[in-house]
2 protein chains.
Amino acid sequence: MIENAIFKALGDPTRRAIFEKLAGGAMNASALREGMAISQPAMSQHLSVLREARLVREERQGRFVNYEVDPEGLAHIARWLRKYRDYWPARVAALKDVLEDMDE
Amino acid sequence: MIENAIFKALGDPTRRAIFEKLAGGAMNASALREGMAISQPAMSQHLSVLREARLVREERQGRFVNYEVDPEGLAHIARWLRKYRDYWPARVAALKDVLEDMDE
DNA sequence: CCAATACATAAGCATGAACTTATGTGAATG
DNA sequence: CATTCACATAAGTTCATGCTTATGTATTGG
């Protein structure tokens, strides 16, 4: 049940901050730490949680590990959200039709 | 930071099941328990968490309390998701334009 | 009113999650 | 090829979370 991993991962404000930072552009773990008052192991653990939720993916580049947003996690949230489109407020109702076209 | 409450609330599978059940139609806490192997206090506590996340809202009706999906929580998720639309997979890309029309 | 019903709250306990310090691993650099 | 650098993993601690049993509160029917 990937939704569990996804929502749990996003339930932590530090991890959401990390994710948001990565959404601004891929970077390695050290760069992510800059200005974030977080220890190196803590960052590594957070990235591990985000990776298992498929919100983030890694790519080793020499002795750096580059992290970037993984669309898979976001797609899962979109699919979960779609299930409850009947309850979306009117302002967002226009989304309905488009969401219905989403295959898979 | 309501996102914290929302994602934490959805990080529990029992609460997602409760939410899904309510999405099928409003009902009271006793009706929600049916077929769910969950104690009455546990249900009450879960509903409290969902309510504080604005995923669910209540309305007292006599000695029953009717629960229903609160669109506010879902709207928050949609707004959060919109921030990362650049990373959505191509299949969902059509959503972009519509989401951009979402005011607020 | 008084008992029963529907639900909320309190308190305690067991597990999990997020941090810490310490150490391991894999790659480049001198 | 040994040291340094970037990161991961291990182990321990503290606090949060989800459950339990027990009790409180609001509403209604007899």
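Values reported hereafter were calculated over all heavy atoms of this structure, with side chains retained and with hydrogens, waters and symmetry mates removed. In what follows, chains are A, B, ... by sequence order, proteins preceding strands, each numbered from 1.
Atom pair A/Phe7:CZ and C/dA17:C1' shows a separation of 19 Å (rounding to whole Å applied). Regarding A/Leu50, its CG atom lies at a distance of 13 Å from the C1' atom of C/dA18, rounded to whole Å. Put simply, CD on A/Glu52 is 12 Å from P on D/dA8, counting in whole angstrom units. Look at CG on B/Asn4: it is 13 Å from C1' on C/dA18, rounded to the nearest Å. The CG-P distance, from A/Leu47 to D/dT9, rounds to 11 Å in whole Å.
Partner B/Phe19 forms a ring-ring contact (aromatic ring centres under 6.0 Å, His included) with one of A/Phe7, A/Tyr87, A/Trp80 and no other, that one being A/Trp80. Checking each of B/Ile6, B/Asn4, B/Leu10, B/Asp12 against B/Lys8 for a side-chain contact (heavy atoms from CB on, under 4.5 Å) leaves exactly one that passes, namely B/Asn4.
Checked by atom type and distance alone, the side chain of B/Arg85 pairs as donor or acceptor with a backbone atom of B/Arg82 at under 3.5 Å.
Proximity of residues 17-45 of chain A to DNA chain D (heavy atom under 4.0 angstrom from any strand atom) is restricted to A/Asn28, A/Ala29, A/Ser30, A/Gln40, A/Pro41, A/Ser44, A/Gln45. Applying a 4.0 Å cut-off to non-hydrogen atoms, none of the residues of residues 8-16 of chain A approaches DNA chain D.
When the side chains of ILVMFWY residues are joined at heavy-atom separations under 4.5 Å, either directly or via intervening members, B/Val49 and B/Val65 end up in two distinct hydrophobic clusters. When the side chains of ILVMFWY residues are joined at heavy-atom separations under 4.5 Å, either directly or via intervening members, A/Val69 and B/Tyr84 end up in a single hydrophobic cluster.
For the side chain to side chain donor-acceptor pair (under 3.5 Å) condition, the pairs that include at least one residue of residues 39-48 of chain A, sequence neighbours left out, are A/Arg15-A/His46. Pairs passing the salt bridge (charged side-chain N to carboxylate O under 4.0 Å, His left out) check and including a residue from residues 51-61 of chain B, sequence neighbours excluded, read B/Arg51-B/Glu58, B/Arg54-B/Asp70, B/Arg57-B/Glu68, B/Arg57-B/Asp70.
Contact between the side-chain N/O atoms of B/His46 and the OP1/OP2 oxygens of D/dC19 is found at a separation under 4.0 Å.
Partners of A/Lys21 by side chain to side chain contact (heavy atoms under 4.5 Å, CB included), not counting sequence neighbours, listed by chain and number: A/Met27, A/Leu32, A/Met36.
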**OP:** I would like to know whether B/Lys83 and B/Glu3 meet salt bridge (Lys or Arg N to Asp or Glu O under 4.0 Å); could you show each step before the answer?
**Re:** CA-CA 13 Å; B/Lys83 290 196 292 179; B/Glu3 282 96 10; 5.8 Å; no
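Here the CG atom belonging to A/Leu81 is positioned 9.0 Å from the CD1 atom belonging to A/Ile77, to the nearest 0.5 angstrom.
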Protein N or O to nucleotides 1-5 of chain D N or O, pairs below 3.5 Å:
residue, atom, partner, partner atom, Å
D/dC5, O4', A/Arg63, NH1, 3.4

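Looking only at side-chain heavy atoms (C-beta outward), A/Asn28 and A/Tyr67 stay at 4.5 Å or farther from each other.
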